[in-house]
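What follows is a set of notes on a single structure, which appears directly below.
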Amino acid sequence: MTRRTETLLWVAQRASAAVLAVCVLVHLATIIYAVQGGLTGAEILARTRGNIAWAALYSVFVLAVAVHAPIGLKAVLAEWFGWRGRARDLALIVFAVVLAGMGLQAVRGVFA
Amino acid sequence: MNATLKVRVWRGDAAGAFREYEVPRRESQTVLDVVSHIQRALDPTLAYRFACRVGMCGSCAMTVNGAPRWTCRTHVDRVARGGRLEVAPLRNLPVIRDLVADMREFFDKWARAGGQFKGDRSRHDEFARVSPQSEKRGLADAGIECIGCAVCYSACDVVARNPDYLGPAALNRAWTLVNDERDAGNADRLRAVAGDAGCLSCHTHMSCTERCPKALSPTAGIAGLKRAVAVAALRGEL
Ligand code: SF4
Ligand code: SF4
Ligand code: FES
């Protein structure tokens, strides 16, 4: 990996952290607001089904996680397990794709 | 004050062990005084380094009761626990013998971090004028008093985990040059300090800043490098 790529990944991790901070706040505020009158599966689905704004926010949330987590894991793998190089990077790309895929599928599951 | 001090001193190379000595306690005694007493009066084979004894040269750093310190300016009063002292070579560097660490990698990293000044004027040109009030001069000043003692390097856990990491002192040096208005080598320097072996790996633990005997803040300089490197990468200049 070139130094420029490493640096851009670092920037991407900081930027995705900023996005995550906003998403987590909205997420927590929504939970606190929504649970006040008790919570059922039907109630949640009634709110999320067909709600474009909800789907958009959580899609952004999922994508930010898929960017943020693998880059952090890159440093953890290098510093704790000495795993560096191409095989690690490929494994992390797979990890990012799996995170994004599972997350987006979950979003679709409660939206559609 | 106890009449004597029990001192455990590292002897041998990496496979060595501590040996205990009894050293008479004196007023205003420094850790370097203790080590010198052992070498002069008890065991002349003890290897250690010092030169100036006044906190200028940066050669006397050792691990004292678990923490890296400049021994010539560290008073026994401040660090001895229950009349005991443990003195070992600096962490994160290979041990040559006893209290002498191999500093090559530490200084090679200064070179790798672009630590050399690169001017673009000759002696036929005018002197550069740098205002003492300028912001850049202030930033350079904040890091310039480094004595190269490697205390910060020894305190840094990222160096321990990533042997390629350039470390706080080399990065602090690079930062002072990034802010040197006379220097013409910054494109190469930023490239040298970018990436996973460079400033981006710093975890901002601040162990370096806490331990630096000159009260410098390599952490702050590294934060500056991170910004500079990120901007350069986004502009495609890296
Ligand atoms: S702030 Fe950075 S350079 Fe200093 S000790 Fe922590 S990780 Fe090392
Ligand atoms: S930054 Fe401080 S601790 Fe590190 S080498 Fe320089 S003087 Fe020593
Ligand atoms: S002997 Fe020179 S700094 Fe300690």
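In this text, all values refer to a predicted model and were calculated from it rather than measured experimentally. The sequence lines fix the lettering, A, B, ..., with proteins before strands; numbering per chain opens at 1.
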Could you tell me whether B:Asp164 and A:Arg84 make a salt bridge, using a distance below 4.0 angstrom between a side-chain N and a carboxylate O? no
Proximity of residues 7-18 of chain A to chain B, residues having a non-hydrogen atom under 4.5 angstrom: A:Thr7, A:Leu8, A:Trp10, A:Val11
Minimum side-chain heavy-atom gap A:Arg3-B:Asp196 below 4.5 Å: no
Please examine the side chains of A:Glu79 and B:His203, heavy atoms only from C-beta on, and report whether any two atoms are closer than 4.5 Å. yes
Please report the closest heavy-atom contact between B:Leu200 and A:Glu6, naming both atoms and the distance. CD1-O, 4.1 Å
Hey, which residues of residues 220-238 of chain B are touching chain A, say heavy atoms under 4.5 Å apart? B:Lys226, B:Val229, B:Ala230, B:Ala233, B:Leu234, B:Gly236, B:Leu238
Residues in residues 106-121 of chain B that sit under 4.5 Å from chain A, counting heavy atoms only: none
Is it the case that more than 12 heavy atoms not belonging to [X] sit under 6.0 Å from its [atom1] atom?
X: A:Arg47; atom1: CZ; answer: yes
X: A:Met102; atom1: CE; answer: no
X: B:Glu20; atom1: CD; answer: yes
X: B:Arg11; atom1: CZ; answer: yes

Quick one: list whatever passes side-chain contact (heavy atoms from CB on, under 4.5 Å) with A:Leu63, sequence neighbours left out. A:Ala100, A:Leu104
